[in-house]
There are 2 protein chains.
Amino acid sequence: MSDFAPTEARLQVTRSKYPGFPRDPAALVRLIKHLYKEIHDEANAVMKPYGLNHPEYNILMMMYGSPDNSLNPSQLADAAGEKSANVTRLTTQLCEKGYVARASSEDDRRKVTLTLTPEGIALIESFLPDIVALLFRQTRKLDATEQAQLEVLLKKMLAGYGE
Amino acid sequence: MSDFAPTEARLQVTRSKYPGFPRDPAALVRLIKHLYKEIHDEANAVMKPYGLNHPEYNILMMMYGSPDNSLNPSQLADAAGEKSANVTRLTTQLCEKGYVARASSEDDRRKVTLTLTPEGIALIESFLPDIVALLFRQTRKLDATEQAQLEVLLKKMLAGYGE
DNA sequence: AGTATATAGTTCAGAGATGAATAATCAATA
DNA sequence: TATTGATTATTCATCTCTGAACTATATACT
């Protein structure tokens, strides 16, 4: 299992050498880093049988989370947390696989509309059972109350960025 | 500022299409993903003037968090959450820059010992003020109690992995 | 001792991600 | 309407990461 004790020990040593180093903020950042790594690696493993990786999964799910199954590249970049150059590459691959369709926008011809194809939707709904199981597994140590508390605190922390 | 509302809207749409999709676990995973992205990008920006990136910073800090400023590659991979192949590349670069020294181990000749040089320690202590400021900024929306609560919950969540 | 299995670290080829530059379009305004 | 400045998306060169194969050493077993 993922043991955080060594990280805490390292923080103590760091503080003994450099007393100004703030323990709690550093611990939070390192926890998030470790959690993200696990989330990323496990999502990659689950998606591999479907010929997708974690970023591609994210792209597809952001579009699926839109009422008409479509988003612009810039919206996708924001939603999926990917750089725009990366969105171009990822969506090109998904287009080649037939899961996404590219169309230029009517009203603003700079914009591009990316839409899930029926094949894309079918693919999503084929892997969602595995993803749902993964999500439950990743959060199984927290009861409903704790999940709600954690969500509040993470949102609060996220609010400190980009201001 | 980083607005999580669009993500919550997408989760609602997703659930309307696929009711079994668990809202809270998905929200937690997406929050962690967004937070990690911010942490990663901001750390990269802070370290750039020092000629380092976020992974290299992590490597150096893991060694600094060891009493004798040294770790094996496999310990480093575990501590920094990097793949071993990546640790080899990163530490080779740090060796070339003169911040880290490589030595083969006495007792077990398969092992390698990586140690911070005086230059490496000096570098760390030169950028730590910037890092400390960053850490305070990243957690400034949370008071001490909330930071402690968040740490407990994140640790609990992390405990659900790799078992 | 000899053989098999495990562990530590590296190498390498291919995949993935990033920043900076570019092209196309739109909006504002003089 | 011509010019200037934003905005949108893409391209490209470069840098970074990954999994799988490989080398070397150590440990366990017969």
Side-chain angles (χ1 to χ4, degrees), chain A residues 33 36-49 51-59 62-63 70-97 100-115, chain B residues 33 36-49 51-59 62-63 70-97 100-115:
Chain A
K33 204 153 23 186
Y36 176 75
K37 177 189 174 296
E38 300 288 347
I39 288 168
H40 181 68
D41 288 352
E42 293 195 351
N44 270 328
V46 167
M47 295 313 293
K48 192 164 189 176
L52 299 173
N53 57 25
H54 185 211
E56 289 169 326
Y57 159 79
N58 280 325
I59 296 284
M62 294 307 112
M63 298 175 67
S70 73
L71 287 174
N72 301 323
S74 52
Q75 293 175 310
L76 254 183
D78 189 50
E82 294 287 342
K83 304 282 154 61
S84 64
N86 219 17
V87 169
T88 298
R89 179 181 57 84
L90 290 165
T91 55
T92 299
Q93 288 172 353
L94 293 169
C95 284
E96 283 165 359
K97 290 176 181 171
V100 170
R102 241 200 202 92
S104 48
S105 194
E106 300 284 304
D107 48 319
D108 185 340
R109 299 200 307 169
R110 291 170 303 182
K111 290 187 181 174
V112 165
T113 304
L114 297 158
T115 309
Chain B
K33 204 153 22 186
Y36 175 75
K37 177 190 174 294
E38 300 288 347
I39 288 168
H40 181 67
D41 288 352
E42 293 196 351
N44 270 328
V46 167
M47 295 313 293
K48 191 163 189 179
L52 300 173
N53 58 24
H54 185 210
E56 288 169 326
Y57 160 78
N58 280 324
I59 296 283
M62 294 307 112
M63 296 174 68
S70 73
L71 288 174
N72 302 324
S74 52
Q75 294 174 311
L76 255 183
D78 189 50
E82 294 287 342
K83 304 284 155 62
S84 65
N86 219 16
V87 169
T88 298
R89 178 181 58 84
L90 290 165
T91 54
T92 299
Q93 288 172 353
L94 292 170
C95 284
E96 284 164 0
K97 290 176 181 172
V100 171
R102 240 199 202 92
S104 49
S105 194
E106 299 284 305
D107 46 320
D108 185 340
R109 299 202 306 169
R110 292 170 303 181
K111 290 188 181 173
V112 165
T113 303
L114 297 157
T115 309

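Atom set for the values below is all heavy atoms of this structure, side chains included, hydrogens, waters and symmetry mates excluded. Just so you know, these numbers come straight off a predicted model, no measurement behind them. Here is how names work: the chains are called A, B, and so on, in the same order as the sequence lines, proteins then strands, and each is numbered from 1.
Looking at residues two or more places apart in sequence or on another chain, you find a salt bridge (Lys or Arg N to Asp or Glu O under 4.0 Å) between Lys83(A) and Asp41(B). For Glu56(A), the salt bridge (Lys or Arg N to Asp or Glu O under 4.0 Å) test picks out Lys97(A), with sequence neighbours left out. Qualifying ring pair (Phe, Tyr, Trp, His ring centres under 6.0 Å) partners for Tyr36(B), counting only residues two or more places apart in sequence or in other chains: Tyr36(A), His40(B). In terms of the side chain to side chain donor-acceptor pair (under 3.5 Å) criterion, residue partners of Asn86(B) (sequence neighbours excluded) are, by chain and number, Glu82(B), Arg89(B). Residues passing the side-chain contact (heavy atoms from CB on, under 4.5 Å) test with Arg110(B), sequence neighbours excluded: Asp108(B). With sequence neighbours excluded, the residues satisfying side chain to side chain donor-acceptor pair (under 3.5 Å) with Ser70(B) are Asp68(B). Listed by chain and number, the residues in a side chain to side chain donor-acceptor pair (under 3.5 Å) with Thr92(A) are Arg102(A) (sequence neighbours excluded).
Rounded to an integer number of Å, the gap from CG of Leu52(A) to C1' of dG16(C) is 15 Å. Protein atom CD1 of Ile59(A) is 13 Å distant from nucleotide atom P of dG16(C), rounded to whole Å. At whole-Å resolution of the value, CG in Asp108(A) and C1' in dA27(C) are 10 Å apart. Rounded to an integer number of Å, the gap from CG of Asn72(A) to C1' of dC26(C) is 14 Å. For the pair Leu90(B) CG and dT16(D) P, the interatomic distance rounds to 8 Å; values are reported in whole Å. The separation between Asp78(A) atom CG and dA9(D) atom C1' is 15 Å, rounded to whole Å. Rounding to whole angstrom units, NZ of residue Lys111(A) and C1' of dA6(D) are separated by 13 Å. Distance, Arg109(A) CZ to dA27(C) P: 12 Å, rounded to whole Å.
Stem list for DNA chain C (at least 3 consecutive Watson-Crick or G-U pairs, distances under 3.5 Å): C:1-30 with D:1-30.
The side-chain heavy atoms of Asn58(B) and His54(B), taken from C-beta on, include a pair separated by under 4.5 Å.
Residue Asn53(B) has a polar side-chain atom (N or O) positioned under 4.0 Å from OP1 or OP2 of dT16(D). A close approach under 4.0 Å does occur between a side-chain nitrogen or oxygen of Gln93(A) and OP1 or OP2 of dG16(C). A close approach under 4.0 Å does occur between a side-chain nitrogen or oxygen of Ser74(A) and OP1 or OP2 of dA9(D).
Of the two residues contacting DNA chain C, namely Glu56(A) and Asp107(A), the nearest-nucleotide position lying further toward the 5' end is that of Glu56(A).
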(request) Going 5' to 3' through nucleotides 18-23 of chain D, assign each nucleotide B (protein heavy atom under 4.0 Å from a base atom), S (under 4.0 Å only from sugar-phosphate atoms) or - (no protein heavy atom that close). (result) BB----
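Checked by distance alone, Arg110(B) brings a side-chain donor or acceptor within 3.5 Å of a matching partner on the base of dT7(C).
Going from atom OG1 of Thr91(B) over to atom CD of Glu96(B) covers 10.0 Å, rounded to the nearest 0.5 Å.
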